[in-house]
Amino acid sequence: MHKFLRAIGFSDITKKDLEMILDEVITRPEIMKITKDSEGNEFAELSGSFAANAGITVRGTYQEDDSFHMDYYYPYVFGTSITTNEQIDVEKHAEKESYAGVCDEVNLGVTLIFYIQNVADYLAETNRHLSKIHYGAMLAGLSTEGKILCPVVERKKNDVPAIQKNDRHNQLIAQAREGDEDAIESLTLEDMDTYALLMKEDIFSIVKSTFMPFGIESDQYTVLGEIIDCVTMENKLTHEKLYGMKLLCNNIQFDVCINEKDLLGEPAIGRRFRGNVWMQGNLCLE
C-alpha cells in the first residue's frame, strides 16, 4: 500500500479496505478525465476526495466492455495558491504513465522536482500541439512525520535589510549558475559564516526556513517553514483528524497535509513546521 495514504487519514487501512475504497473511486469518481497518453493510447484519470482538497486518484484505461483496468493509484492533496512562476520542465517516469515537474526556483537554492497531479490536462494540451513550455505550478506536500517548532524572534527594524539580503543572495545564486566565480566565492563565504554560527548556536534559532532533498526519492524533501495558515480537516470515512497547513519556506508558499497522529505539537499561525514531505503539484496550463 502507498506510504502516504496515512497522510490523508488512512493510517490503519487494510488491503481489503483499500480495494473497496479504490473500487468506490472507480465506480463513482468525483472527477473524471479521459485523454490519450504519450503513445496514443487511452488514458483515464479518476479522483475521489476524502477530506478538503485531499483524496485518491486512480489512473488506468477502460476496456471494450466498459470495465476499468487500474494501472496505479496515489493519494493527493491540492495546493491552494501558486507556488512558483518559473519555467517547469516535464519529464515522464520510465515505468508508468506518470510525470515529474522540474523547476529551478531561485529562492530554494535547489532544483525543485515534484509529482505532477494534472497529468490528463497536460496530455490533452500536448495532444493539441500547444506550447510544451509551462510556467508556474501550485504545489502541496503529504507528510508522515513532522514537528511544530516555536517561531524565531525577529526585530521589525531588521525586516527591510533582511529582504535586501535575500534579494542579494538570489542574485548571487543566479550569477553562480552562469559561472561567475566571484558569486561562487561570495556564496561559499556566506556558507562558512553560517557554519561558524551553528557551532555556537542552536540551528533552529538561526535558520528560519529550509528546503532540502530527503532520501533517495527525487520529489521528497525535508522542509522547515513558517505556518501562515492552518485548518483542521477530517477524513470522512475513517474520521481521523488531519491538519492542512500553508507554509512560507524560503520565500515560497505551499500547502502540507499531515495526520494528527504523525505530528508532534500543536500547529498555529506563526509557529514553524519541520518535517519530510512528498511534493506534488498542478501545472498552470492554458
Side-chain angles (χ1 to χ4, degrees), residues 1-11 13 18 51 53-57 59 72-84 86 88-119 122 137-149 203-204 207-227 242-265 267 272-283:
M1 290 186 290
H2 203 290
K3 172 184 175 181
F4 288 92
L5 279 172
R6 66 179 296 114
I8 62 170
F10 296 110
S11 61
I13 190 173
L18 177 60
N53 295 321
I56 294 176
T57 292
R59 290 173 177 162
Y72 64 96
Y73 75 93
Y74 72 94
Y76 71 81
V77 59
F78 289 142
T80 58
S81 61
I82 295 178
T83 301
T84 178
E86 296 292 334
I88 310 294
D89 295 320
V90 178
E91 299 290 341
K92 183 181 180 298
H93 292 139
E95 76 279 11
K96 56 188 175 184
E97 195 69 25
S98 62
Y99 294 79
V102 183
C103 170
D104 285 326
E105 173 56 61
V106 66
N107 285 307
L108 296 180
V110 298
T111 300
L112 172 62
I113 302 175
F114 61 93
Y115 190 87
I116 294 179
Q117 297 169 326
N118 56 338
V119 167
Y122 165 75
M138 302 172 65
L139 301 186
L142 293 174
S143 177
T144 58
E145 177 186 356
K147 298 178 181 179
I148 300 299
L149 305 179
I203 182 173
F204 296 119
V207 180
K208 184 177 180 180
S209 64
T210 58
F211 191 99
M212 56 189 300
F214 169 74
I216 61 174
E217 298 286 344
S218 59
D219 50 12
Q220 294 186 25
Y221 300 89
T222 296
V223 303
L224 171 64
E226 180 185 355
I227 301 172
L242 312 173
Y243 289 115
M245 296 172 285
K246 181 178 287 294
L247 302 184
L248 178 62
C249 179
N250 285 24
N251 291 315
I252 68 167
Q253 296 182 17
F254 56 89
D255 296 87
V256 170
C257 181
I258 187 171
N259 197 311
E260 180 190 34
K261 298 179 180 179
D262 299 322
L263 183 63
L264 179 62
R272 292 180 296 165
F273 169 83
R274 178 179 182 268
N276 302 323
V277 301
W278 175 34
M279 195 63 67
Q280 308 175 353
N282 272 306
L283 294 174

Worksheet entry | Heavy-atom closest pair, residues S11 and N259 | CB-ND2, 4.1 Å

Worksheet, complete the sentence: Residue set satisfying salt bridge (charged side-chain N to carboxylate O under 4.0 Å, His left out) with E226, at least two apart, ordered chain then number -> K208

Worksheet item: Is the backbone N or O of E95 less than 3.5 Å from a side-chain atom of H93, with the two atoms forming a donor-acceptor pair by type?
Response: no

Worksheet entry | side-chain contact (heavy atoms from CB on, under 4.5 Å) against E86, all qualifying residues, sequence neighbours excluded | T84, C103, E105

Practice prompt. Check whether any side-chain heavy atom of E91 sits under 4.5 Å from a side-chain heavy atom of V102, and report yes or no.
Written response: yes

Worksheet item: Nearest heavy-atom pair of E97 and Y72: which atoms, and what distance?
Response: O-OH, 2.8 Å

Practice prompt. Mind checking side-chain contact (heavy atoms from CB on, under 4.5 Å) for N282 and listing every partner two or more places apart, or none if nothing turns up?
Written response: F78, Q117, N118

Fill in: Beyond-backbone contact of W278 with Q220, side-chain heavy atoms, under 4.5 angstrom
yes

Item to complete: Sequence neighbours left out, what passes side-chain hydrogen bond (donor to acceptor under 3.5 Å, both in side chains) with S218? Give chain and number order.
Response: none

Discussion item. Is any side-chain heavy atom of P75 closer than 4.5 Å to one of L142?
Written reply: yes

Practice prompt. With sequence neighbours left out, write down each residue that passes side-chain hydrogen bond (donor to acceptor under 3.5 Å, both in side chains) with Y73, or none if nothing qualifies.
Written response: none

Discussion item. Once salt bridge (charged side-chain N to carboxylate O under 4.0 Å, His left out) is applied, do any residues pair with D262, and if so which ones, sequence neighbours excluded?
Written reply: R6

Worksheet item: So which heavy atom on G225 is nearest to which on L247, and how close?
Response: O-CD2, 4.1 Å

Worksheet entry | Sequence-distant partners of Y74, ring-ring contact (aromatic ring centres under 6.0 Å, His included), two or more places apart | Y115

Fill in: With sequence neighbours excluded, residues passing ring-ring contact (aromatic ring centres under 6.0 Å, His included) with F273
none

Item to complete: Of all the heavy-atom pairs spanning G9 and L242, show the shortest one and how long it is.
Response: N-CD2, 3.5 Å

Practice prompt. For C257 and M245, run side-chain contact (heavy atoms from CB on, under 4.5 Å): C-alpha distance rounded to whole Å, both residues' side-chain angles, the deciding distance at 0.1 Å, then the answer.
Written response: CA-CA 6 Å; C257 181; M245 296 172 285; over 6 Å; no

Worksheet, complete the sentence: Contacts of A140 meeting side-chain contact (heavy atoms from CB on, under 4.5 Å) (sequence neighbours excluded), chain-then-number -> V77, D255

Discussion item. How long is the straight-line distance from CD1 of I13 back to NE2 of H2, given to the nearest 0.5 Å?
Written reply: 12.5 Å

Worksheet item: Taking it one step at a time, do D219 and L112 satisfy side-chain contact (heavy atoms from CB on, under 4.5 Å)?
Response: CA-CA 8 Å; D219 50 12; L112 172 62; over 6 Å; no

Worksheet entry | Check: L108 and N251 side chains under 4.5 Å, non-hydrogen atoms | no

Worksheet item: Which pair of non-hydrogen atoms, one from N276 and one from S143, has the smallest distance, and what is that distance?
Response: O-OG, 2.8 Å

Worksheet, complete the sentence: Those residues at least two apart in sequence (or on a different chain) that pass salt bridge (charged side-chain N to carboxylate O under 4.0 Å, His left out) with E217 are none

Fill in: Audit row: T80, M138, side-chain contact (heavy atoms from CB on, under 4.5 Å) steps and yes/no
CA-CA 7 Å; T80 58; M138 302 172 65; 5.6 Å; no

Discussion item. Tell me if the CE atom of M1 is crowded by more than 12 foreign heavy atoms within 6.0 Å.
Written reply: yes

Item to complete: Report yes if some heavy atom in the side chain of V277 is under 4.5 Å from a heavy atom in the side chain of T144; otherwise report no.
Response: no

Worksheet entry | Close side-chain approach of K246 and Q253, heavy atoms under 4.5 Å | yes

Discussion item. Just to verify, what does T83 make a side-chain contact (heavy atoms from CB on, under 4.5 Å) with, not counting sequence neighbours?
Written reply: L139, I252, F254

Practice prompt. For residues V90 and I116, determine if any side-chain heavy atom of one lies less than 4.5 Å from a side-chain heavy atom of the other.
Written response: yes

Item to complete: Return the set of residues passing salt bridge (charged side-chain N to carboxylate O under 4.0 Å, His left out) with K3 (not counting sequence neighbours), or none when no residue passes.
Response: none

Worksheet item: Counting distance only, does the side-chain N/O of E145 pair as donor-acceptor with the main-chain N or O of L263 below 3.5 Å?
Response: no

Worksheet item: What do you reckon, is NZ of K92 surrounded by more than 12 foreign heavy atoms closer than 6.0 Å?
Response: yes

Fill in: Ring centers of Y221, F211 separated by less than 6.0 Å
yes

Worksheet, complete the sentence: What one should report as the nearest heavy-atom pair of N107 and N250 is CB-O, 3.1 Å

Worksheet item: Is there side-chain contact between R272 and I148, with heavy atoms separated by less than 4.5 Å?
Response: no

Practice prompt. Carefully, step by step, assess V110 and M212 under the rule side-chain contact (heavy atoms from CB on, under 4.5 Å).
Written response: CA-CA 7 Å; V110 298; M212 56 189 300; 5.7 Å; no

